[in-house]
Amino acid sequence: MTFAPGDPTTIGYGATRNARRTPREEAPTILKIPTLPISYGDAQALLKSLEGPVAPASFRGGLPITYHVGGAEGDALVRLKVKSEWTPKPAYNVIARLKGAERPDEWVVRGNHRDGWVFGATDPISGHVAMMGEAKALGALKKAGWKPKRTIVYASWDAEEPMLLGSTEWAEHHAAELKKKAVIYINSDSNARGFLDVDGSHAFQRLVNEVAADVTDPQTGVPVRDRLRARYAVNGAAPGGERRGADGGEDRPRSGEGPADRTAGLRLGLLRFPAAPRPAGAERQLRRRGQLWRRLPFGL
């Protein structure tokens with residue numbers, strides 16, 4: 001993804017069954033330096049064989065060995081052969097549409113991927129199950145006679161972890177239609193308790209501020225906006241000022257701050273979206289999502 005997301009052999013257009021493909025050897029996004037994930041058991045055998053000076057603390061991992069940086073004459077030499085499987089594999093996006101009653105050709109698109117590394121309990125299942133809860137709630141409203149003004153499109157993306165394949169290829173394949181019809185894309189990834197964190201198109205800054213002021217944080221009883229501002233104030237007054245993550249997003253955990261207190265994030269965009277604040281329980285999650293939908297300016 002250093003150059004472009006999606007299928008390396010179909011940059012700029014959808015990787016459909018019959019799409020023309022750039023030869024793998026010429027694909028600009030396939031890096032020429034091979035890499036291969038290995039188990040910690042194999043890694044321990046390799047790291048244990050290194051000699052030289054003891055590694056500084058920042059270089060050490062959690063294996064039960066003394067870490068060395070290598071460079072000694074007695075160091076072991078390893079010959080690594082990387083054998084990759086290049087056969088194309090299918091990816092399956094699941095797309096559902098709830099047609100708008102007044103403006104059916106204006107789409108509100110909502111997405112979350114469902115594939116994950118290993119079991120994916122946090123990323124993406126915690127986000128995907130919340131999105132499914134939203135869809136179920138809207139389906140119940142539809143059965144009761146409610147209709148949205150604009151068309152709502154739900155997307156369950158496949159193959160996100162390897163190069164954002166599912167969403168990228170779908171968007172590329174439907175690019176012309178999306179340019180005409182998509183008014184906003186709301187994306188989430190995982191949901192957890194914590195502080196609101198939203199990024200995306202600046203056009204939605206006012207919307208996010210208004211929603212954050214109206215949604216109550218279930219733990220503190222104050223608006224999620226006020227809780228986030230309080231955190232910024234506390235962190236800014238601490239020695240060293242506010243500390244941010246490598247991506248400029250999440251605050252790094254401070255002493256006494258566990259995983260449950262980390263940021264709950266959203267993404268919004270003209271072709272990229274939000275994930276509402278992440279509460280502890282599904283019932284509260286649905287309630288918050290309902291508050292978010294009611295505040296959207298285009299009147300669902």
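- Linking Ile, Leu, Val, Met, Phe, Trp and Tyr residues whenever their side-chain heavy atoms come within less than 4.5 Å places Leu98 and Leu141 in a single cluster.
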Hey, mind stepping through Thr16 and His173 against side chain to side chain contact (heavy atoms under 4.5 Å, CB included) and telling me if it holds? CA-CA 8 Å; Thr16 57; His173 185 60; 3.5 Å; yes
Identify every side-chain donor-acceptor pair in residues 116-125 under 3.5 Å, counting partners at least two apart or on other chains, and give the distances.
residue: Trp117; atom: NE1; partner: Glu161; partner atom: OE1; Å: 3.1
residue: Asp123; atom: OD1; partner: His113; partner atom: NE2; Å: 2.9

Apply side chain to side chain contact (heavy atoms under 4.5 Å, CB included) to residues Trp170 and Leu178 and explain how you reach the verdict. CA-CA 10 Å; Trp170 186 83; Leu178 288 169; 3.9 Å; yes
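- Between Ser188 and Asn112, the shortest heavy-atom distance links the atoms OG-OD1, 2.6 Å.
- Judged by distance alone, the side chain of Ser39 and the main-chain N or O of Asp42 form a donor-acceptor pair under 3.5 Å.
- Note on Arg110 versus Glu134: salt bridge recorded, some NZ/NE/NH1/NH2 to OD/OE distance being below 4.0 Å.
- Contact record, Pro8 with Ile30: CB-CG1, 3.6 Å, taken as the closest heavy-atom pair.
- Connection of Val198 to Val183 is established within a shared hydrophobic cluster, with ILVMFWY side chains joined at heavy-atom distances below 4.5 Å, either directly or through further cluster members.
- If you check the side chains of Ser126 and Asn191, you find no donor sitting under 3.5 Å from an acceptor.
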Verify salt bridge (Lys or Arg N to Asp or Glu O under 4.0 Å) between Arg21 and Asp7, making sure each step is shown before the conclusion. CA-CA 9 Å; Arg21 295 180 178 272; Asp7 190 318; 2.7 Å; yes
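- Contact check for Pro223 versus Asp214: no side-chain heavy atoms found under the 4.5 Å cut-off.
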CA sep, side-chain torsions, deciding dist, call: Ile11, Phe3, side chain to side chain contact (heavy atoms under 4.5 Å, CB included): CA-CA 10 Å; Ile11 295 176; Phe3 179 75; 4.1 Å; yes
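- The structure places NZ of Lys181 at 14.0 Å from CZ of Arg150, a figure rounded to the nearest 0.5 Å.
- Closest of all the heavy-atom pairs between Tyr13 and Glu169 is O-OE1, 3.3 Å.
- In terms of modelled atom types and a separation under 3.5 Å, the side chain of Thr168 and the main chain of Pro5 share no donor-acceptor contact.
- In this structure, the separation between CD on Gln219 and CZ on Phe195 is 7.5 Å, given to the nearest 0.5 Å.
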Side-chain atoms of residues 79-86: list all donor-acceptor pairs with protein atoms under 3.5 Å, sequence neighbours left out, distances to 0.1 Å.
residue: Glu85; atom: OE2; partner: Thr87; partner atom: N; Å: 2.9
residue: Glu85; atom: OE2; partner: Thr87; partner atom: OG1; Å: 2.3

Would Tyr154 and Ile95 count as a side chain to side chain contact (heavy atoms under 4.5 Å, CB included) here? Give the steps. CA-CA 6 Å; Tyr154 270 94; Ile95 310 297; over 6 Å; no
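- Nearest heavy atom pair, residue Pro162 against residue Asp115, reads CD-OD2, 3.7 Å.
- What you find for Arg225 and Asn209 is that their closest heavy atoms are CD-O, 4.4 Å.
- Between the Asp217 side chain and the Val222 main chain, no donor and acceptor come within less than 3.5 Å of each other.
- Remark: the Arg114 side chain and the Ser156 side chain contain an N/O donor-acceptor pair separated by less than 3.5 Å.
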Which atom pairs, donor and acceptor, lie under 3.5 Å between side-chain atoms of residues 49-66 and protein residues at least two apart or in another chain?
residue: Ser49; atom: OG; partner: Leu46; partner atom: O; Å: 2.6
residue: Arg60; atom: NE; partner: Ala55; partner atom: O; Å: 2.8
residue: Arg60; atom: NH2; partner: Ala55; partner atom: O; Å: 2.9

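- Remark: the backbone N or O of Tyr92 is paired with a side-chain donor or acceptor of Asp158 at under 3.5 angstrom.
- Considering every non-hydrogen atom in both Glu172 and Thr10, the closest pair reads OE1-O, 3.5 Å.
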